[in-house]
**Q** 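Please find one structure pasted underneath; my questions will follow.
Because the structure is a prediction, the values reported are computed rather than measured.
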Amino acid sequence: MLAFLWVAVKTIFAICFVLISIAMIHEFGHYITAKMCGVWVLEFAIGFGERIWKKKIGETLYSFRPFPLGGFVRLAGMDNVEEKDENGEVKEEDEDPDLPKVPIDHPKSYVSRPWWAKIIVLAAGATMNLVWAMILMSCIYIFAGGPISNILVLEAPQDKIAFKAGVRNGDIVYAINGEKLTDWSQGMKIINSNPGKQITLNIIRNHPINKDASAGGVMRDNYANSDNSYQTHDEEKLDIVVVPEGPEGAGKIGIGLAPNNYDYTKLPIGTAIARGCEDAINIIIQTVDGLYRMITGQTKADVAGPVKIMKMIKDQSSKGWTDLFYLTALLSVNIGLLNLLPLPVLDGGRIVFVLLDVIFRIINMIFHTKFVVTSKVEESIHFAGMVCLIALMIYVTFKDILSFL
């Protein structure tokens, strides 16, 4: 019973961490850029439902609500739609006693900002989702470590310096002059910067030993050759002195090399951040490619609903925080990029209307026409998009539930 409760509590905390962190970092992007662009941020809320805690700091009300699976920012003029009654008077919306009533044409209203400021505010949420993925991936490397990339000797020609000194094909250079390498490019720089000077290559050489597998299975870290044999490796460490030749900054020892993930350790913070950002960028590239393939019909659309996402979070949280961070980074990238799609109700759809407004203004100025997309029309289209999105989520959720039965 206690074990079940522990799993349940851990799963709940994991779900809250994943969903709240992704939503909050997204909304923080809108919040901070709105502040920078001179838009009045009326409220920054964590969760949904009626406010259970609130505090006003400066001109912004910060609130906490009972369902903490997301959040939102309320910008002055962002959702104002002027509707007139039968007498031509502007209808009053239901007033929120905790928020001031701001006219849509207020100087700090979102509507009064230039088009480029609106795009910055709208795109900032998705951008912060991508930044959050980079932060999470960097944290994995900083606190849990990652594979360090040593030099693998692919080829050591017999007429070159390295072979004559004792280097052989398959050797792994894990350190130079006793300084452990965290990246193979680091080792290349040391070699290149020391022409005419002695350097010591600290090498690991594996000697394969064939063993009979007829009496048992293959153990971890062994290499299967066939159904009846496997290999173990007798590891030997060597220190080989070489003198690179060539001009200053271009020292060579005559080996064909490649990176090799020989070890796994905590990385220096600079290397960890660089590696984390690189991995996050790769996730972004792969996600963009996947979206493109789905949109163009090259691959079948595979959309995960809330139920499937909850299960994914539960599964990854049971493996450890590093797997949970990786999943959070993956979901953050997906949500960020999906938000940039030019569809109604999404940030990308709102950006389309900003650009349409700019285009219509140019056309009106040139041809003296009066093309315009009113806020009422825009919000009606976004509302229709929201209905379609909710319907899609219900369908995907139902499909996910059926897949688990």
**Q** Would you please indicate yes or no on a ring centroid separation below 6.0 angstrom for H30 and F72?
**A**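 Ring-ring flag for F72/H30: false, centres at least 6.0 Å apart.
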
**Q** Strictly by modelled atom types, are D279 and Y141 linked by a side-chain donor-acceptor pair under 3.5 Å?
**A**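 Yes, a side-chain donor-acceptor pair sits under 3.5 Å.
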
**Q** For R113 and P107, work out which heavy atoms get closest and say how close.
**A**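 For R113 versus P107, the nearest heavy atoms are NH2-O, 2.7 Å.
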
**Q** Between E59 and K35, is there a side-chain heavy-atom distance shorter than 4.5 Å?
**A** yes

**Q** Are R51 and E43 ion-paired here, with the side-chain N under 4.0 Å from a carboxylate O?
**A**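 Looking at E43 together with R51, the answer is yes, because their closest N to O distance falls below 4.0 Å.
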
**Q** Do any N or O atoms from the side chain of S112 and from the backbone of H106 form a donor-acceptor pair under 3.5 angstrom?
**A**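 Looks like yes, one N/O pair under 3.5 Å.
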
**Q** Less than 4.5 Å apart, any side-chain heavy atom of Y62 and any of T60?
**A**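 Side-chain contact under 4.5 Å: yes.
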
**Q** Do R65 and S63 touch side chain to side chain, with heavy atoms closer than 4.5 Å?
**A**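 In contact.
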
**Q** If you round to the nearest 0.5 Å, how far is CD1 of I161 from CD1 of I255?
**A**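 I255 atom CD1 to I161 atom CD1 measures 11.0 Å (nearest 0.5 Å).
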
**Q** Are D239 and T200 linked by a side-chain donor-acceptor pair shorter than 3.5 Å?
**A** no

**Q** Looking at M36, I want to see if its CE is surrounded by more than 12 non-hydrogen atoms of other residues, nucleotides or ligands under 6.0 Å.
**A**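 Open: at most 12 neighbouring heavy atoms sit under 6.0 Å from CE of M36.
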
**Q** Does F353 offer a backbone N or O that forms a donor-acceptor pair with the side chain of D357 under 3.5 Å?
**A** no

**Q** Taking 4.0 angstrom as the limit, do E379 and R350 come out as a salt bridge?
**A** yes

**Q** Taking the side chain as everything from C-beta on, heavy atoms only, tell me whether V18 gets closer than 4.5 Å to L324.
**A**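 They are in side-chain contact.
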
**Q** Would a 4.5 Å heavy-atom cut-off, applied to side chains only, mark R361 and V372 as touching?
**A** no

**Q** Among D289, N334, V333, whose side-chain contact (heavy atoms from CB on, under 4.5 Å) with I284 holds?
**A** V333

**Q** Taking the side chain from D171 and the backbone from R205, do they hold a donor-acceptor pair closer than 3.5 Å?
**A**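 Checking the backbone N and O of R205 against the side chain of D171, no donor-acceptor pair under 3.5 Å is found.
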
**Q** Between I285 and I281, is there a side-chain heavy-atom distance shorter than 4.5 Å?
**A** yes

**Q** Say whether, by atom type as modelled, one donor and one acceptor occur between the side chain of R168 and the main chain of A156 under 3.5 angstrom.
**A**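 Such a contact is absent between R168 side chain and A156 backbone.
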
**Q** Cation-pi between R74 and F44: NZ/CZ under 6.0 Å from ring centre and within 45° of the ring axis?
**A**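 Checked: cation-pi criterion not met.
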
**Q** With a cut-off of under 6.0 Å to the ring centre and 45° to the axis, is K180 in cation-pi contact with Y174?
**A**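 Not flagged: K180 not positioned over aromatic ring of Y174.
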
**Q** Would you say H26's side chain and G125's backbone share a donor-acceptor pair under 3.5 angstrom?
**A** yes

**Q** Report yes if the side chains of S138 and C277 come closer than 4.5 Å at any heavy-atom pair, otherwise no.
**A** yes

**Q** Can you find a pair of side-chain heavy atoms, one from L122 and one from V354, that are under 4.5 Å apart?
**A**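 Contact flag for L122/V354 side chains = yes.
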
**Q** Is the distance between the ring centroids of F325 and F17 under 6.0 Å?
**A** yes

